[in-house]
Engineer: 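I have a structure I would like to understand better, so I am pasting it below and will then ask my questions one at a time.
Everything quoted here is computed from the prediction, not taken from an experiment.
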Amino acid sequence: RNVRLAVVVDLVSGMLLTGGLLYSGGAVFTVLYNSVPAWTALLARVVLGRRLSRGRVGGVAVVCIGLALNVFGTQQHSATTGGTPWSALGGSAAVLVGSLLHSAMFLITERAVQHGGGSD
């Protein structure tokens with residue numbers, strides 16, 4: 001069951017990431033998608049109860065602040081260059097949600113492996 005869930009989450013993640021890339025652009029996509037390790041650490045804390053060191057918590061906070069500034073900057077840049085700020089914002093949101101789902105897929109897969117290949 002967990003393996004099937006991981007497959008579905010990965011599929012939805014991939015679709016959101018692809019659509020987000022089309023609307024946000026390659027540079028923004030790269031910055032946002034590289035937040036996957038931070039989301040994975042945060043979700044591991046919330047879902048699996050893993051302890052995070054202060055340094056990791058600080059790193060996750062810096063990444064979140066940086067992502068917020070990046071998304072805001074993308075919207076402002078699109079508005080000043082004649083683009084559509086909402087499509088850039090929507091693309092950025094799709095990449096963020098896709099990245100979060102990609103992180104969730106890692107944790108679902110890890111849980112499946114820990115419990116005997118996902119047969120529970």
Side-chain angles (χ1 to χ4, degrees):
R1 181 170 32 147
N2 286 333
V3 172
R4 284 186 286 238
L5 178 60
V7 168
V8 170
V9 169
D10 191 39
L11 179 67
V12 173
S13 168
M15 290 188 300
L16 285 169
L17 290 168
T18 302
L21 172 62
L22 292 172
Y23 286 101
S24 67
V28 172
F29 173 86
T30 301
V31 170
L32 296 178
Y33 181 70
N34 283 317
S35 68
V36 168
W39 295 125
T40 304
L42 189 61
L43 285 175
R45 170 69 179 127
V46 173
V47 175
L48 301 177
R50 288 204 179 132
R51 292 189 50 91
L52 297 177
S53 67
R54 287 185 182 176
R56 287 188 181 170
V57 170
V60 169
V62 168
V63 167
C64 290
I65 292 167
L67 292 173
L69 292 173
N70 186 304
V71 170
F72 179 73
T74 300
Q75 183 183 16
Q76 294 301 320
H77 177 71
S78 294
T80 59
T81 58
T84 56
W86 294 113
S87 66
L89 185 62
S92 296
V95 173
L96 283 174
V97 172
S99 298
L100 187 64
L101 287 174
H102 198 77
S103 297
M105 185 270 307
F106 287 137
L107 297 178
I108 294 166
T109 303
E110 181 178 334
R111 180 167 269 174
V113 169
Q114 288 175 349
H115 291 100
S119 58
D120 31 73

Engineer: Would you compute the distance between atom CZ of F29 and atom OG of S99 and round it to the nearest 0.5 angstrom?
Structural biologist: 6.5 Å
Engineer: Rounded to the nearest 0.5 Å, what separation is found between the CZ atom of R50 and the CG atom of L43?
Structural biologist: 11.5 Å
Engineer: Roughly how far, to the nearest 0.5 Å, is CG of L100 from OG1 of T40?
Structural biologist: 9.0 Å
Engineer: Report yes if some heavy atom in the side chain of N2 is under 4.5 Å from a heavy atom in the side chain of T109; otherwise report no.
Structural biologist: no
Engineer: Contact between L17 and V95 at the side-chain level, heavy atoms closer than 4.5 Å - yes or no?
Structural biologist: yes
Engineer: Report yes or no: does S35 contribute a side-chain atom to a donor-acceptor pair with the main-chain N or O of L32 at less than 3.5 Å?
Structural biologist: yes
Engineer: Could you check whether any side-chain heavy atom of L48 comes within less than 4.5 Å of a side-chain heavy atom of L107, counting everything from C-beta outward?
Structural biologist: yes
Engineer: In terms of hydrophobic clusters joined by side-chain contacts under 4.5 Å, are M15 and L101 together?
Structural biologist: yes
Engineer: Hey, mind stepping through I108 and D10 against side-chain contact (heavy atoms from CB on, under 4.5 Å) and telling me if it holds?
Structural biologist: CA-CA 10 Å; I108 294 166; D10 191 39; over 6 Å; no
Engineer: Are V9 and V47 connected, step by step, through hydrophobic side chains (Ile, Leu, Val, Met, Phe, Trp, Tyr) whose heavy atoms are closer than 4.5 Å?
Structural biologist: yes
Engineer: Identify whether L22 and V28 are in the same connected component of the hydrophobic contact network (ILVMFWY, side-chain heavy atoms under 4.5 Å).
Structural biologist: no
Engineer: Under 4.5 Å between any side-chain heavy atoms of W39 and C64, yes or no?
Structural biologist: yes
Engineer: Can you check whether Y33 reaches V36 side chain to side chain, under 4.5 Å on heavy atoms?
Structural biologist: yes
Engineer: For G98, is there any backbone N or O sitting under 3.5 Å from a side-chain donor or acceptor partner on S13?
Structural biologist: yes
Engineer: Check A38 against V60 and note the closest heavy-atom contact, atom names and distance.
Structural biologist: O-CG2, 3.8 Å
Engineer: Where do G91 and S24 come nearest, in terms of heavy atoms and distance?
Structural biologist: C-CB, 3.8 Å
Engineer: V63, V31: one ILVMFWY side-chain cluster at the under-4.5 Å cut-off?
Structural biologist: no
